[in-house]
Amino acid sequence: METKLQLHGFNNLTKSLSFNIYDICYARTEEQRKAYIDYIDEMYNAERLTQILSDVVKIIGANVLNIARQDYDPHGASVTMLIAEHEISDGEADNEESPGPLPDTILAHLDKSHVTVHTYPESHPYEGISTFRADIDVSTCGLISPLKVLNYLIHSFDSDVVTVDYRVRGFTRDVDGRKHYIDHDINSIQNYLTEDTQNAYQMIDVNVYQENLFHTKMMLKNFNLDNYVFGVNAEDLGSEEAQSIEDRLRREMLEIFYSRNVE
């Protein structure tokens, strides 16, 4: 907004960020697939996810009221945090359309919010493709936008494909009684990402500006087979096998990116 809103009462807009990452790999044998799932479960267990969400809370400057976390059998984990802080003053708000920080500074405070994460490891017994998905939701009420944590979240996971949804809901009234359905300018979620992230990913926007709905899909540009095979070195594969595996991995990434099966 070009000028700060003079509100009647407090800012009760709800700003919700849904962030989904996909990590894809090739695990040829049943033993390798099990080892991959075990690795993911260890790497992103409830304790590690709690630390990631704690860093998210630190970036937006809130206090944790309650933590509920659970590791699941046979695999997967969930963490939910309720957080709260005093309502911020106009001078403290930072909704500028720019990347947020890594968690080395406190950006702002907010009055109430919640953050959640759920993980979904899975594998395909025939194609050898294993996919790890993490779903993170950050919902805030007040002046700060949860888009400020997006930069940190992308750097916290090995992300081959990322989908991001952002929505501002409800309305707040100014002193003249006029309703405002959004309190900050936004043209694209991409503007909240650092330059290195923008260069690393192919990105597509699907936005419905009149409804304050913003959607960005991201797919990693560079492909190095060594980063995708689990339990084996790419150089030990024959050229035909290596090409077949790469084709399957690229197809998996494209299907997730475009949300449709490739025949």
Visitor: State whether a side-chain donor-acceptor pair under 3.5 Å links Asp174 with His180.
Guide: yes
Visitor: Taking a hydrophobic cluster as the set of Ile, Leu, Val, Met, Phe, Trp and Tyr residues connected by side-chain heavy atoms closer than 4.5 Å, whether directly or through intermediates, do Tyr120 and Phe257 fall within one such cluster?
Guide: no
Visitor: Quick one: does Asn199's side chain get under 4.5 Å of Thr197's, heavy atoms only?
Guide: no
Visitor: Does Ser156 use its side chain to pair, donor to acceptor, with the backbone of Tyr152 at less than 3.5 Å?
Guide: yes
Visitor: With clusters built from Ile, Leu, Val, Met, Phe, Trp and Tyr whose side-chain heavy atoms come within less than 4.5 Å, directly or transitively, what are the remaining members of the cluster of Phe171, listed by chain and number?
Guide: Tyr181
Visitor: Evaluate the criterion salt bridge (Lys or Arg N to Asp or Glu O under 4.0 Å) for residue pair Arg28 and Glu241; output intermediate values, then yes/no.
Guide: CA-CA 11 Å; Arg28 178 167 48 187; Glu241 183 180 13; 2.6 Å; yes
Visitor: Would you please name every residue forming a side-chain contact (heavy atoms from CB on, under 4.5 Å) with Asp38, sequence neighbours left out?
Guide: Lys34
Visitor: How far does CD1 of Ile182 sit from CG of Leu13, to the nearest 0.5 angstrom?
Guide: 8.0 Å
Visitor: Please collect all salt bridge (charged side-chain N to carboxylate O under 4.0 Å, His left out) contacts where either partner lies in residues 250-259, sequence neighbours excluded, each pair once.
Guide: Glu246-Arg250, Arg251-Glu255
Visitor: Mind checking the OG1-CD1 spacing from Thr119 to Ile40? Nearest 0.5 Å is all I need.
Guide: 9.0 Å
Visitor: Does Ser54 have any side-chain contact (heavy atoms from CB on, under 4.5 Å) partners at least two apart in sequence or in another chain, and if so, which?
Guide: Thr50, Gln51, Met81
Visitor: Tyr166 and Ser16: side-chain donor and acceptor closer than 3.5 Å?
Guide: no
Visitor: Less than 4.5 Å apart, side chain to side chain, heavy atoms only: is that true for Val117 and Leu53?
Guide: yes
Visitor: For Thr172, is there any backbone N or O sitting under 3.5 Å from a side-chain donor or acceptor partner on Lys179?
Guide: no
Visitor: Checking Ser188 side chain against Gln190 main chain: does a donor-acceptor pair fall under 3.5 Å?
Guide: yes
Visitor: Distance-only check: which donor-acceptor pairs under 3.5 Å involve side-chain atoms of residues 225-237, not counting sequence neighbours?
Guide:
unit_1 : atom_1 : unit_2 : atom_2 : d
Asp226 : OD1    : Ala234 : N      : 3.1
Tyr228 : OH     : Asp160 : OD1    : 2.8

Visitor: Could you work out, with ring-ring contact (aromatic ring centres under 6.0 Å, His included) as the rule, every residue matching Phe214, not counting sequence neighbours?
Guide: Tyr209
Visitor: Rounded to the nearest 0.5 Å, what's the gap from CD on Glu42 to CG on Asp71? Could you check?
Guide: 9.5 Å
Visitor: What residues, two or more places apart in sequence or in another chain, satisfy side-chain contact (heavy atoms from CB on, under 4.5 Å) together with Ser18?
Guide: Asp137, Asp165
Visitor: Holding to side-chain contact (heavy atoms from CB on, under 4.5 Å), I want the full list of residues that pass it with Ala200, two or more places apart in sequence or in another chain.
Guide: Leu220
Visitor: Any donor and acceptor pair, going by atom type alone, linking the side chain of Gln198 with main-chain N or O of Leu193 inside 3.5 Å?
Guide: yes
Visitor: For Arg167, which residues count as a side-chain hydrogen bond (donor to acceptor under 3.5 Å, both in side chains) partner, sequence neighbours excluded?
Guide: none
Visitor: Given Lys217, which partner from the list Ile256, Thr163, Asn20, Val164 fulfils the side chain to side chain contact (heavy atoms under 4.5 Å, CB included) test?
Guide: Thr163
Visitor: State whether Asp183 and Lys15 are salt-bridged, where the test is any N-O pair (Lys NZ or Arg NE/NH1/NH2 against Asp/Glu carboxylate O) under 4.0 Å.
Guide: yes
Visitor: Please assess Ser78 against Tyr72 for the test side-chain hydrogen bond (donor to acceptor under 3.5 Å, both in side chains), listing each intermediate value before the final yes or no.
Guide: CA-CA 8 Å; Ser78 296; Tyr72 296 110; 3.2 Å; yes
Visitor: For residues Ile129 and Leu249, determine if any side-chain heavy atom of one lies less than 4.5 Å from a side-chain heavy atom of the other.
Guide: yes
Visitor: Under the side-chain hydrogen bond (donor to acceptor under 3.5 Å, both in side chains) rule, collect the residues that match up with Gln32, sequence neighbours excluded.
Guide: none
Visitor: Taking atom CD of Glu240 as the centre, does the number of heavy atoms from other residues, nucleotides or ligands within less than 6.0 Å exceed 12?
Guide: no
Visitor: Mind checking what makes ring-ring contact (aromatic ring centres under 6.0 Å, His included) contact with Phe132, not counting sequence neighbours?
Guide: Tyr44
Visitor: Could you check Thr29 against Arg33 for side-chain hydrogen bond (donor to acceptor under 3.5 Å, both in side chains), going step by step and ending with a plain yes or no?
Guide: CA-CA 6 Å; Thr29 67; Arg33 288 192 292 273; over 6 Å; no
Visitor: Quick one: hydrophobic cluster around Val208, which other residues, with the 4.5 Å side-chain cut-off, linked directly or via members?
Guide: Leu213
